[in-house]
Structures are given as structure tokens and as C-alpha cells.
Amino acid sequence: MKRRAPSDKSTTDEECDDSDEIAQNQDQDDNSSQATLSESDLAPAEGGGDHSGSGINNSTIKTALIPLNSPSLNQLATSLGLLITHSDIDVNDVIVKSECLPNKHKQQHAHPSVCHHWLRDSAAAGRILPIALYVLDDYNPNNSEDGSDDLPPNPQSKNACFRIHPLNSPNEHLVHALRILKQDRVARDERWNALAYSRAAAMVKSFPHRIRSKDDIRLQLSYDSNDTVHTKNIGEKKIRAKIEEYLNYGRISEAETIQNSASHKLYNALCSIQGIGPRRAYELSRTGASSLGELVERGSITQEDVTLAQHLELGIPRTEVSSIAGVVMENARTLLPHPTHAICGGYRRGKSESNDIDILITHHGYTLQQMNEFLANLARRLQDMGFLTKLMRQLSLSDGHSDKHDYQSTLLGVVASSSKYGTTDSAQVTFRRVDIIVCHPHSFHLEVLAWTGSVMYERDLRAFVKRRNLKLNASCVYDEHTNNEVDLSGIRSERHLLAFLHLPWIAPENRNCD
DNA sequence: AAAATA
DNA sequence: ATTTTGA
DNA sequence: GAAAAC
């Protein structure tokens, strides 16, 4: 994913063909975004007792940010005896100070109660969520599977997985400048600073209109009592200053300096080499060398690596992505009757050029074990025919099954893609990075979600569900405390999955947060 | 570097 | 003021 | 166990 140099100027529109084989049709009644609170939702939280604490006991004081434009939430908060005060940061928001149970951890209550995250999450979702997932006692995912209606996106959310991030932003320049700053922080091994810039860039990317002045930002966001604009993920100190500089002068001088520095260029070149990540690139780029060539001569890297990197740096047009996937699937079908597959990654997000090709394959009625064996066979087949030329992650294909079923379910490799009209024979081959992933059919939609990205979308997705004590990875969802896996066999589509997780449906083309 | 928590 | 930041 | 991979 990071393989893309700063010049990520995605060339424009190309109908993102929806030849996704994943069914994501789902009837949603789009009625009530002004959800009403059903009795059953409220009941468990009302332990009884007097008013000012009503049900929620008097341990700690937590705060939650709630948008004012959600009257039902305010009403709800009041009915629970929560204190609502105006924040001095943000006029459109209020701070709810609630007496709330300590979140997580073991509890020995006689009656069910919800953690304060419920309120905050409801605020984030812009609507009142069912409490089932927030009940602190035994959580049973099956009795809360109500959600076949999409939640609306929330442009003001701090979480990328609630916002819309189209492929092309009207503020591409600013976003690009922020990304350069991000890259620089990565290069300096300042991981968290880099994350902050990524978040800020994603936030800007989600603005639907061109920003020319602070007033433009106000239109989408909120301001505090001092008439100062405040935007989530854009702090008051550093990043705010950079953006103001941009608004005033049309550029961020630090970004330009970075972009012109030789060490920055060398660092990026190094990172594009397989097996060299931030750490080694950092080390090598400060050995005094000024070019890759020099490092090759010193023996730090090989010419072969450099040449391969040059191939892999080239964007892959959509047509080629689907034709490569076609070759893979054609061979897959000789080993497996009717596979289900999806092309994920940037392709699914609608990018006109991809950095690599992510193909996800499953099969109804197969176990993960069987899928893994299938993948090993597929790998061998693709290698034998000379299509798959390199395996980055070696699959141990000890054909005699030695108990140790150490087959893997992801294949990271390189294929030789003959650029179609290659009139000339040998020379017209381009090497492309391909990831082939197999999974259990029950986790298919979750895998699709995970392999579609973007990185920031995934990050915020997982951060968000974690606050409900759910852990999510590419292949399963489970309860953090009980370690019980959530049964996903009833999930019919990626969209259904998102509804199940109480997340809004963001079309893949709008997950381009990075 | 920013936001959440204590 | 300290902790968290995706898995 | 660190780095790199997604």
C-alpha cells in the first residue's frame, strides 16, 4: 500500500465497473434516521432508583461528545439524568457529562447495564444505537442482529469509517502536502506524528468542497466560542498552522523543502524495494549515499532488487488488473469447481491504476484447511506455467501432509504480465505484485472488508469496534474478554456485515482515505 | 501530533 | 499529566 | 525478537 510514491495523482474518472461478484444488494428501508428509542432499548439501563442517577450508578464521570443536531439523543441523555453543557470548543456539539459505569472489565451486577461508549457511539453514528452490544454483562451477538438498515455516514466523525472519502478530492493539493509531511515523519521514525498527519489528510480529503478560506471549512464543521474553526483530527497547534499557511500562500513551505531534499527522494526509492521498510530505508539513507546506484555498488542492495522495484512501481491499469485476475481464476477453476472470488484493494475502491492485485477466493462448503491446500496447489500450478515468478511468502507445500498443516492462506507473489499487444516477444513483460488470499466462506465478507482498505479506513474500523469490546481482524470477529468468536455465517454481504457492526455503509469508492 | 483518559 | 493511537 | 508484509 505504501508503495506509492508521493506522486499519487490518481488520473481521473474511469467508470469503476461493478463487476464485483459480491452481492451487496440489500433492501434497506431508509426511513428513520431520527431513531426513536424503544422500550426494550432503554429498559436494561434503567436499574431503578432516583432520578439524577437513574440506573447508571455513581462511579466515575465520563464525557461524551454529542452533536446538537440529534435531538433525540439529547432528549435521551436528559431522560437518563445526564448533564448537558455547552462545550467551549464547538458550538454544534455539547459535552455530556455522565455518571457511567467503568467500561470493560469483569462486572458482578445483578442487572444489565450499558457502558458509556454507547452514548458516544450513538453520537458518532448520529443516531441512537441499540444497546445490545454495549451491555456490560453477557453479550450475545445473536440477539442483537437487527441491522439490515444502513446507518448514515457522518461527515463530522473523527473516525474515517464514518466518512466519505472519494477518489478525487477538490482539495487534492492540500491533501498531498499533508501526506508529504506524513511521509517525512515516517522517515524520521516519528510514527505517531505521522499518524496524526495521515488523519488530518484523511479529514481534509473527506471535505466535499474546495477549501479556499477558513470560512469554507466552517461550512462543514463547527467553531468554538472564540470564533475559531475547529476540525476533528486537526489540532489547534501544529497542523492547524500548516493549513492556515496553505490557505494564505497556497503552499506549505515545509512540504516543499521535504519534497526537494535528496534524502527524502532516496528514502522513498529505498522503500519501494521489496524487503526494505521504514527502518532499513532510514538507516541506508543516512549512510551518506546519494543514490540507489551507489548503494548497489556498495553491496547494500542488489541491482536485481532495484530493477524489480522499477517494475512494481508502475501503476496497473484496471483492464490489466482484471485480466491478471482472469488468468488466476481460470487456473483456480481447474482445481476447484465453482469458486467465489472478489478483486479487492485499490481496484475495488475504483482507482484507475492499482499498485498491486488483491484476489480473494473462497468456496462454499470448504473448510479453511481445504482452501489452504487449494491455494498451495494453485501456487504450484501458476509457477509451473511460468506466470507466478516469485513468491514472497513461501507456502510450505510438503505434499505429504505431515500433520503440520502449515499451509498459509495468503500468497504474496509476483507475476509476469505480458502487456497484451506485445508484438515483440520477451521484452514486453511487466512484473506485477499479486496477493491471492483464500478464506473460509463464513468470513468472506469480512475478508473483503479487510482487503479493500484503505489503510486508514481499516484502522478506524477496528478502533471503533474495539470500543465495544469486539476485536476484528481479516478473518474473524470475537469478544475481547470472553474470546468467543462472533458467528458470521449469517452475514449475507459486506453491507450486511457493516450494518451488523453498526457501521454506516460506505461504498468502496468512498473509502479512499489514504 | 492529536485526542482520550485519569 | 499520562496514555493511546489497528491487527 | 525485529522488521517487513498486508
Side-chain angles (χ1 to χ4, degrees), chain A residues 1-3 59-65 87 89-90 95 97 100 102-104 116-117 120 124 157-161 178 181-182 184-186 188-203 230-243 270-284 305 312 344-346 355-360 391-394 408-414 433-437 439 446-447 449-467 470-478 480 513-514:
Chain A
M1 293 265 126
K2 58 138 191 235
R3 303 276 98 140
S59 42
T60 47
I61 303 233
K62 304 277 178 187
T63 62
L65 208 57
S87 147
I89 321 170
D90 210 329
I95 300 282
K97 293 189 172 171
C100 206
N103 51 356
K104 355 181 139 184
H116 67 277
H117 294 152
R120 187 172 53 186
S157 174
K158 171 182 98 59
N159 279 298
C161 60
L178 290 170
L181 293 171
K182 176 230 162 181
D184 174 69
R185 304 306 187 258
V186 173
R188 294 168 185 278
D189 202 16
E190 295 166 1
R191 192 184 162 192
W192 304 120
N193 306 46
L195 177 58
Y197 278 100
S198 298
R199 293 216 148 103
M203 201 66 209
H230 178 268
T231 304
K232 307 236 168 93
N233 291 324
I234 296 175
E236 301 287 319
K237 290 181 62 175
K238 310 263 187 155
I239 299 186
R240 156 94 72 99
K242 308 278 190 230
I243 290 181
L270 283 166
C271 277
S272 69
I273 294 171
Q274 281 296 325
I276 297 185
R279 189 63 188 235
R280 272 199 80 207
Y282 178 77
E283 286 162 3
L284 290 174
D305 290 338
L312 301 185
C344 303
N355 302 323
D356 64 2
I357 301 140
D358 302 300
I359 307 166
L360 177 61
L391 273 183
M392 267 119 209
R393 179 170 298 180
Q394 197 70 28
Q408 312 258 331
S409 36
T410 55
L411 179 161
L412 316 180
V414 175
R433 277 280 293 108
V434 170
D435 299 330
I436 306 176
I437 307 100
C439 67
L446 180 57
E447 297 269 357
L449 182 63
W451 284 89
T452 297
S454 60
V455 169
M456 186 59 76
Y457 181 85
E458 303 298 328
R459 192 196 304 270
D460 280 357
L461 187 74
R462 293 173 191 207
F464 181 76
V465 301
K466 191 179 179 180
R467 299 186 311 179
L470 290 181
K471 281 231 189 225
L472 184 154
N473 61 37
S475 57
C476 68
V477 180
Y478 60 94
E480 234 181 334
C513 318
D514 293 340

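Note that these values count all heavy atoms, side chains included, but never hydrogens, waters or copies made by symmetry. Every chain is numbered from 1, with letters handed out A, B, ... down the list of sequences. All values derive from a computational prediction rather than experimental measurement.
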**Q** Not counting sequence neighbours, which residues clear side chain to side chain contact (heavy atoms under 4.5 Å, CB included) with A:Arg191? List them please.
**A** none
**Q** Mind checking what makes side-chain hydrogen bond (donor to acceptor under 3.5 Å, both in side chains) contact with A:Lys242, not counting sequence neighbours?
**A** A:Glu254
**Q** Is A:Trp192 stacked on the base of C:dT5, meaning ring centres closer than 5.5 Å and planes within 30 degrees of each other?
**A** yes
**Q** Atom pairs under 3.5 Å, N or O on each side, protein against nucleotides 1-4 of chain C: can you list them with distances?
**A**
none

**Q** Could you tell me the separation between the CG atom of A:Leu461 and the C1' atom of C:dA7, rounded to a whole number of Å?
**A** 11 Å
**Q** Could you tell me how far D:dA5 sits from C:dG6 if I compare only their C1' atoms? Round to whole Å.
**A** 15 Å
**Q** Side chain to side chain contact (heavy atoms under 4.5 Å, CB included) with A:Glu447: which residues, sequence neighbours excluded?
**A** A:Leu360, A:Ile437, A:Cys439, A:Ser443, A:Trp451, A:Ala474, A:Ser475
**Q** Residues in side chain to side chain contact (heavy atoms under 4.5 Å, CB included) with A:Arg240, at least two apart?
**A** A:Thr228, A:Ile234, A:Glu236, A:Glu244
**Q** For A:Asp460, give me all partners under side chain to side chain contact (heavy atoms under 4.5 Å, CB included), at least two apart in sequence or on another chain.
**A** A:Asn159, A:Ala160, A:Cys161, A:Arg199, A:Met456
**Q** Should B:dA2 form a Watson-Crick or G-U wobble pair with both distances under 3.5 Å, which nucleotide is its partner?
**A** C:dT4
**Q** Output the single nucleotide from B:dA1, D:dC6, C:dG6 whose closest atom is nearest the side chain of A:Arg462.
**A** C:dG6
**Q** Rounded to whole angstrom, note down the P distance from B:dT5 over to C:dA7.
**A** 15 Å
**Q** From the options D:dA3, D:dA5, B:dA2, select the nucleotide whose nearest atom is closest to the side chain of A:Arg279.
**A** D:dA3
**Q** Counting only Watson-Crick or G-U wobble pairs whose two distances fall under 3.5 Å, which nucleotide matches D:dA4?
**A** none
**Q** Could you tell me the separation between the CG atom of A:Leu195 and the P atom of B:dA4, rounded to a whole number of Å?
**A** 13 Å
**Q** Which nucleotide wins on minimum distance to the side chain of A:Val455, given the candidates B:dA2, D:dA4, C:dG6?
**A** C:dG6
